[in-house]
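Residue numbers start from 1 in every chain, and the chains themselves are labelled A, B, ... in the order their sequence lines are given, proteins ahead of strands.
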2 protein chains.
Amino acid sequence: MAPIPTSREGYHFKADTIHEGLYTEAAIESTKSPKPFYDVIVIGSGFTGLTAARDLSTAGKSVLLIEARDRIGGRTWATRSRGHYMEMGGTWVYWTQPHVWSELKRYGLDRELKQTTGTSGDLEVLQFKSRGSDPLKEYSFDGPGGYNVIMETAIYKFLDVDGAGGTKILARPYDRDFVRNIPLKFMKLTCKDRLDQLPELPQEHKDLIASMFETIGCASIDKTPFFEILRWFGLSGFTFRGWLASVDELSLKRGTTSLALAIMDESRADIVLSSPVASVIRSRTEPLTTITTRTGKVFRTTKVICTLPVNCLGDVSFDPPISPLKLAAAREQHLTKIVKVHTYTSEKLVPTFVSSLSPSKIPFGYTESDVHDSKEGGGTFSVFFGSESELDRCTPLATFRELKKILPSEFNNEKRNPKFNPKEMFWHDWTNDEFAKGAWCTFPMGWQENYLDALREDEQGGSCIFANADWADGWRGFIDGAFEMGRSSAWRVLKEERNANRASKL
Amino acid sequence: MAPIPTSREGYHFKADTIHEGLYTEAAIESTKSPKPFYDVIVIGSGFTGLTAARDLSTAGKSVLLIEARDRIGGRTWATRSRGHYMEMGGTWVYWTQPHVWSELKRYGLDRELKQTTGTSGDLEVLQFKSRGSDPLKEYSFDGPGGYNVIMETAIYKFLDVDGAGGTKILARPYDRDFVRNIPLKFMKLTCKDRLDQLPELPQEHKDLIASMFETIGCASIDKTPFFEILRWFGLSGFTFRGWLASVDELSLKRGTTSLALAIMDESRADIVLSSPVASVIRSRTEPLTTITTRTGKVFRTTKVICTLPVNCLGDVSFDPPISPLKLAAAREQHLTKIVKVHTYTSEKLVPTFVSSLSPSKIPFGYTESDVHDSKEGGGTFSVFFGSESELDRCTPLATFRELKKILPSEFNNEKRNPKFNPKEMFWHDWTNDEFAKGAWCTFPMGWQENYLDALREDEQGGSCIFANADWADGWRGFIDGAFEMGRSSAWRVLKEERNANRASKL
């Protein structure tokens with residue numbers, strides 16, 4: 001019998017015990033006998049790396065994926081319990097996300113999607129706390145004075161720095177040249193600055209949109225750039241409704257890992273897992289790069305695609321060294337530092353979404369899925385995001401103890417879920433994860449204008465491409481951004497080769 | 001010197017003369033010596049065929065494209081005048097169109113886009129006639145009572161058959177299984193039926209949205225299915241604003257032909273042009289298909305991807321024959337039967353969009369682009385759609401004479417463009433085009449439930465895949481739908497082969 005695929009990552013609390021490591025189909029086998037030389041070596045097997053490796057290997061290149069973890073998927077992987085797939089990281093897909101959507105179509109997975117109970121049309125009310133200690137306040141969704149109308153109107157005003165709801169200054173969010181020419185004054189605004197420019201907007205409405213912005217970066221509004229919010233809304237068509245659907249509604253029935261496995265199934269690339277890269281050394285005399293792992297494995301290639309996340313760019317030794325601006329960004333670290341927690345309650349919960357303003361130990365949480373099979377015990381799975389700065393995260397046990405203490409109050413509400421009390425918990429501490437050091441990338445103030453161009457630059461004389469969702473043109477920090485970067489880096493390599501072949505024929 | 005690439009298609013009126021044929025970079029050369037046998041033969045070199053051929057040929061298959069016309073691009077091609085590229089057919093792209101957007105990114109063309117003056121933020125007013133003979137009525141866009149608020153509110157009510165603005169019944173517009181289970185009563189509604197269900201909606205608002213719906217199919221609201229409108233809005237995020245941006249705002253600076261040429265540049269497929277296919281005959285005894293062109297060329301293959309549009313499915317002889325339902329659809333013909341006309345005026349026009357209710361000789365028109373270079377004569381290019389049923393189209397000359405007579409009244413408005421008088425005209429009569437027999441596909445009543453599944457079915461024992469934007473899951477009749485179909489048909493062929501190879505190794 002095949003062994004049950006398990007990663008050492010993540011934690012599971014059940015029956016008063018914490019278990020390290022979780023079931024995941026992403027824990028695949030390494031290639032038995034990797035070769036000493038490959039046409040292209042891809043560092044990292046998140047969606048960026050998986051896609052680049054697939055597109056290059058199916059076009060005839062020999063490709064090796066080198067992965068630090070014992071599983072594929074990077075910041076996106078799923079575990080399973082009671083037949084329910086839980087996303088430990090990246091989750092959401094939608095047809096406003098062009099790159100991942102066309103990949104779902106490629107594998108027929110656009111027909112294998114599910115809606116989340118706490119963020120979709122099933123939801124009857126939004127629950128909101130201005131401060132973590134406030135009692136839950138409820139909003140109905142539809143009708144005058146409902147949450148949707150408040151949000152749509154308030155967000156339009158918030159984005160409306162150009163008399164057109166932001167659609168003029170960000171008419172082409174994917175266009176680097178266009179974005180680079182947006183006046184700097186818009187980059188210098190924090191969300192708080194922008195809210196302060198709107199004295200006529202009721203404080204209640206400001207709190208509601210601020211709370212939504214704080215879920216975007218899991219950082220407070222005085223640290224979150226206005227431009228990050230404008231980008232997210234622009235990418236989803238500049239409406240609250242479009243944005244909410246894009247980032248909070250559809251996910252894969254069998255988990256994002258089913259997409260990663262579909263890519264690996266098509267790919268002809270080799271892979272070595274559990275092999276963090278120590279150094280990438282480019283020869284001064286010949287077109288050859290030597291990559292050495294911390295475990296002492298050595299591989300050689302002419303071309304490298306490095307898919308390390310921004311927060312980890314300082315953790316590999318590059319010779320020649322990479323741009324000081326890349327390293328400065330890695331030292332500063334992006335904003336989104338969280339623990340992602342799934343809970344299982346044996347009671348069936350009313351569909352719920354709770355959001356609270358910072359400082360908050362739990363910026364947001366929602367019910368995700370009911371267990372419909374009574375043989376599986378019924379009940380409901382929910383998701384919470386724990387804040388790095390507010391939670392005690394000195395050890396997994398400390399984090400767990402604090403979560404265990406505060407989570408019961410999160411959904412507690414006499415009318416709705418009076419006895420919310422998680423029976424099991426599954427979590428991934430992304431901030432303490434040495435190969436991510438954070439979750440999805442939200443840029444701090446100043447990064448857009450100071451670091452973005454540098455993050456995108458090739459290194460080592462053009463032989464090393466840097467590709468990661470953290471600096472995508474479109475859905476930065478999203479699954480979609482990973483596909484954008486993976487595919488476009490592979491296309492670049494193939495196009496360079498075509499051009500070189502044509503030139504050599506002249 | 002290379003000859004100026006010219007197609008025999010389209011007409012140009014200038015200095016009192018009509019010239020047949022137009023400049024286009026889409027008029028490329030055929031492969032010098034095509035082979036008698038290919039792994040895959042793709043019939044038609046619209047975007048569906050171009051993409052399928054590229055994806056199969058770069059994966060190592062030998063592929064032949066057989067094209068009836070003297071140019072590539074199918075219902076999408078561009079000509080040029082005064083440095084301005086004019087789209088004679090399909091035009092629009094946006095990041096809510098996932099398949100074409102990821103293709104634009106592939107070739108860096110997402111940074112080569114332009115906005116249209118008459119449909120973008122530059123537009124100050126919308127001009128509207130309830131009937132073709134009415135005087136133009138003007139609406140400002142923003143503010144209370146403005147066009148945007150009227151449209152957003154009225155369209156929400158129109159789509160709101162489910163208490164959620166249509167988002168529940170069409171929660172997953174791309175999902176065939178989901179769509180197939182939508183209650184039949186929604187398929188049985190025409191747009192007019194649905195408007196009649198809304199007695200509280202002011203007639204003026206009904207006229208405005210009806211006029212917009214009639215631009216969608218260029219057919220009257222009693223012939224246009226409610227479900228077609230719901231689909232278009234669902235694909236763009238269920239808002240008027242999202243929809244308008246998706247279908248009416250961004251196009252390629254150097255024309256859609258620049259995208260077609262980028263694909264051909266990457267493709268390794270052979271191509272023969274000016275070769276309409278006469279017959280596709282599958283052997284009863286061996287896995288071999290023989291394709292014969294009207295010009296007598298014969299090619300053989302094991303696998304065919306047929307990209308004929310629905311209106312032309314009856315024009316090729318298939319043996320074994322294809323499904324009677326495919327042929328029935330071809331006999332009935334889809335709704336959108338138009339002439340697309342570009343005008344050049346030496347006066348610079350105020351950005352304008354004009355829409356009128358059917359019966360109308362010109363369902364809609366808009367200014368497209370000013371000529372900024374005074375050496376090119378200044379002035380403005382505009383676009384009009386002429387109705388098949390209302391215009392005299394017995395000969396190109398008759399069509400032209402009627403257009404010449406009625407167009408001056410279209411933009412005439414004392415306040416804005418008092419002397420609109422086209423100096424040059426460029427047009428393509430899509431309805432009289434034997435290889436299209438219509439423009440973008442809008443389904444008539446009954447097609448969604450009666451023909452759609454049959455249109456998608458393989459024929460000739462699975463050896464012949466039918467792929468065309470006309471029956472895409474998503475943007476039916478759009479450029480995006482063509483990429484969806486081209487890519488997914490290539491992936492299917494490659495996946496079947498992988499599976500067969502694996503099975504043979506067991």
Side-chain angles (χ1 to χ4, degrees), chain A residues 58-60 94-108 110-113 115 120-122 141-142 152 162-165 167-168 171-178 234-239 241-243 245-246 249-250 265-266 473-474 480 483-484 487-488 491-492 494-495 498, chain B residues 58-60 94-108 110-113 115 120-122 141-142 152 162-165 167-168 171-178 234-239 241-243 245-246 249-250 265-266 473-474 480 483-484 487-488 491-492 494-495 498:
Chain A
T58 55
Y94 205 69
W95 50 90
T96 48
Q97 298 175 352
H99 303 285
V100 67
W101 194 259
S102 65
E103 291 285 337
L104 293 176
K105 174 77 187 172
R106 181 173 189 135
Y107 299 112
D110 55 338
R111 296 161 78 181
E112 296 292 331
L113 300 173
Q115 280 179 299
S120 74
D122 290 345
F141 273 83
D142 295 322
E152 207 68 79
D162 58 0
T167 60
K168 274 191 185 162
R172 297 208 286 282
Y174 283 90
D175 183 332
R176 290 180 189 189
D177 308 317
F178 186 93
L235 292 167
S236 0
F238 295 96
T239 63
R241 195 169 166 188
W243 174 78
S246 298
E249 187 166 318
L250 290 180
D265 182 61
E266 181 178 357
D473 283 332
D480 191 77
F483 281 105
E484 181 200 311
R487 284 154 50 143
S488 55
W491 293 328
R492 273 185 54 204
L494 295 172
K495 189 173 181 184
R498 279 203 308 280
Chain B
T58 55
Y94 204 70
W95 50 91
T96 48
Q97 299 175 351
H99 303 285
V100 66
W101 195 259
S102 65
E103 290 285 336
L104 294 176
K105 174 77 187 173
R106 182 174 189 135
Y107 299 112
D110 55 339
R111 296 161 78 181
E112 296 293 331
L113 300 172
Q115 280 179 300
S120 74
D122 290 345
F141 273 83
D142 295 322
E152 207 68 79
D162 58 359
T167 60
K168 274 191 185 161
R172 297 208 285 283
Y174 283 90
D175 183 332
R176 290 180 189 190
D177 307 317
F178 186 94
L235 293 167
S236 359
F238 295 96
T239 64
R241 195 170 167 188
W243 175 78
S246 298
E249 186 166 319
L250 291 179
D265 183 61
E266 181 178 356
D473 283 332
D480 191 77
F483 281 104
E484 181 201 311
R487 285 154 48 144
S488 55
W491 293 329
R492 273 185 54 203
L494 295 172
K495 189 173 181 184
R498 279 203 308 281

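In terms of heavy-atom pairs under 4.5 angstrom with chain A, the leader among B/Ser246, B/Pro173, B/Gly60 is B/Pro173. Ranking A/Leu250, A/Val100, A/Asp265, A/Thr58 against chain B, the residue ahead of the rest is A/Asp265, based on heavy-atom pairs under 4.5 Å.
In this structure, the side chains of B/Phe238 and A/Arg241 come closer than 4.5 Å at one or more pairs of heavy atoms.
Of the two parts of A/Ala164, only the backbone, made up of N, CA, C and O, holds a non-hydrogen atom closer than 4.5 Å to a non-hydrogen atom of chain B. Both the backbone and the side chain of B/Thr96 come within contact range of chain A, with heavy atoms under 4.5 Å apart. Using a 4.5 Å cut-off between heavy atoms, B/Arg487 touches chain A through its side chain atoms alone. Residue A/Leu104: no heavy atom, backbone or side chain, is found under 4.5 Å from chain B. For B/Leu494, no part lies near chain A; criterion is any non-hydrogen pair under 4.5 Å. Interface remark: A/Asp473 contributes side-chain atoms only to the contact with chain B (heavy atom separation under 4.5 Å). The parts of A/Arg111 that come within reach of chain B are both its backbone and its side chain, each placing non-hydrogen atoms under 4.5 angstrom from that chain. Both the backbone and the side chain of A/Arg172 come within contact range of chain B, each with at least one heavy atom under 4.5 Å from a heavy atom of that chain.
In this structure, CH2 on B/Trp491 lies 6.5 Å from CD on A/Glu103, to the nearest 0.5 angstrom. Atom NE2 of B/His99 sits about 6.5 Å away from atom NZ of A/Lys105, to the nearest 0.5 Å.
Remark: side-chain polar atoms of A/Trp95 are paired, donor with acceptor, to backbone N or O of B/Gly234 under 3.5 angstrom.
Remark: A/Ala171 pairs with A/Phe178, B/Gln115 by the side chain to side chain contact (heavy atoms under 4.5 Å, CB included) rule, at least two apart or across chains.
Scanning both residues, A/Ser102 and B/Pro98, for their nearest heavy atoms gives CB-O, 4.4 Å.
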